[in-house]
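Quick note: numbers below take in every heavy atom, side chains included, and nothing from hydrogens, waters or symmetry partners.
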Amino acid sequence: MSSRAPEPVRASVTVSLAGPEAFALFAEGFGNWWPREYTWSLDVLQRIGLEPHAGGRCYEIGPHDFHSDWGRVLVWDPPHRLQLAWQISPRREPEPNPAKASEVEARFEPIAGGGTQVLLEHRGFERHGSEGAGYRDALGSPQGWPWILERYAAAAANQRISRQAGVGRV
């Protein structure tokens with residue numbers, strides 16, 4: 001048995017939004033792009049979001065005031081960086097113990113000529129115990145963070161198109 005910690009999951013996506021817009025969509029518009037398929041409430045999801053400050057909650061609200069915290073905001077540094085304590089266990093259940101949380105960090109780097117590259121790193125899977133390596137593999141698979149970031153990129157493209165359509169209208 002290896003005592004080596006699982007490698008972080010790294011994924012990235014490029015969007016044609018400026019850094020402040022890219023950060024705002026990712027963090028403040030979290031509920032506009034996060035896949036409902038990756039929530040407990042699924043099609044009856046009421047709201048999902050991030051409280052915009054260090055110590056804020058990442059949460060889901062479903063019907064009948066169903067409430068589940070997904071984690072905490074560790075770093076809130078718009079438009080550059082967002083870091084979360086990921087308090088969802090490998091069994092996809094809430095993990096209230098912060099010592100057993102992995103971390104998700106998103107960095108927003110400007111691209112010469114316009115746009116932003118969003119670099120995501122999910123690390124600390126060893127904190128999830130013996131199931132951490134399998135959890136890492138699931139989130140690193142094409143259906144994990146890469147697919148989630150594709151959803152974000154699609155929302156960014158739609159936001160850009162909507163903004164362009166509104167420019168110059170009376």
Has [X] got a side-chain atom pairing as donor or acceptor with [Y]'s backbone, closer than 3.5 angstrom?
X	Y	value
R136	P8	yes
S89	P94	no
R92	P90	yes
D69	G71	no

Tell me the closest heavy-atom pair linking [X] and [Y], and the distance in Å.
X	Y	value
A22	L17	N-CB, 4.0 Å
A5	E126	CB-OE1, 3.4 Å
P6	G132	CG-C, 4.3 Å
L149	S12	CD1-N, 3.9 Å

Hey, are the side chains of [X] and [Y] touching, using non-hydrogen atoms and a 4.5 Å cut-off?
X	Y	value
L120	Y152	no
T116	P110	no
L119	F108	no
R57	H67	yes
R107	H80	no
I48	I61	no
E103	E105	no
V75	L82	no

Using 0.5 Å steps for rounding, measure from the [atom1] atom of [X] to the [atom2] atom of [Y].
X	Y	atom1	atom2	value
R36	E60	CZ	CD	9.5 Å
W147	S141	CH2	OG	11.0 Å
R123	R10	CZ	CZ	9.0 Å

Is [X] linked to [Y] within one hydrophobic cluster, defined over Ile, Leu, Val, Met, Phe, Trp and Tyr using a side-chain heavy-atom separation of less than 4.5 Å?
X	Y	answer
L139	L74	no
F66	V44	no
L25	I111	no

Carboxylate-amine/guanidinium contact E109 R81, below 4.0 Å: no
Strictly under 6.0 Å, is that where the ring centroids of H128 and Y135 end up? yes
Output field: ring centroids W76/F23 closer than 6.0 Å: yes
When you look at CG of D65, are more than 12 heavy atoms from neighbouring residues, nucleotides or ligands closer to it than 6.0 Å? no
Heavy-atom count around H53 NE2 within 6.0 Å, excluding the residue itself: above 12? yes
Please walk me through it: do E150 and W145 pass side chain to side chain contact (heavy atoms under 4.5 Å, CB included)? CA-CA 8 Å; E150 286 176 20; W145 282 114; over 6 Å; no
Which of parallel (below 30°), tilted (30 to 60°) and perpendicular (above 60°) describes W33 and F30? perpendicular
Mutual orientation of the aromatic rings belonging to Y38 and W34 [parallel < 30°, tilted 30-60°, perpendicular > 60°]: perpendicular
With no hydrogens and no angle check, do the side chains of S102 and H122 hold a donor and an acceptor under 3.5 Å apart? yes
Answer with yes or no whether the side chains of Q87 and W70 bring together a donor and an acceptor at under 3.5 Å. no
Who pairs with E28 by side chain to side chain donor-acceptor pair (under 3.5 Å), at least two apart in sequence or on another chain? none
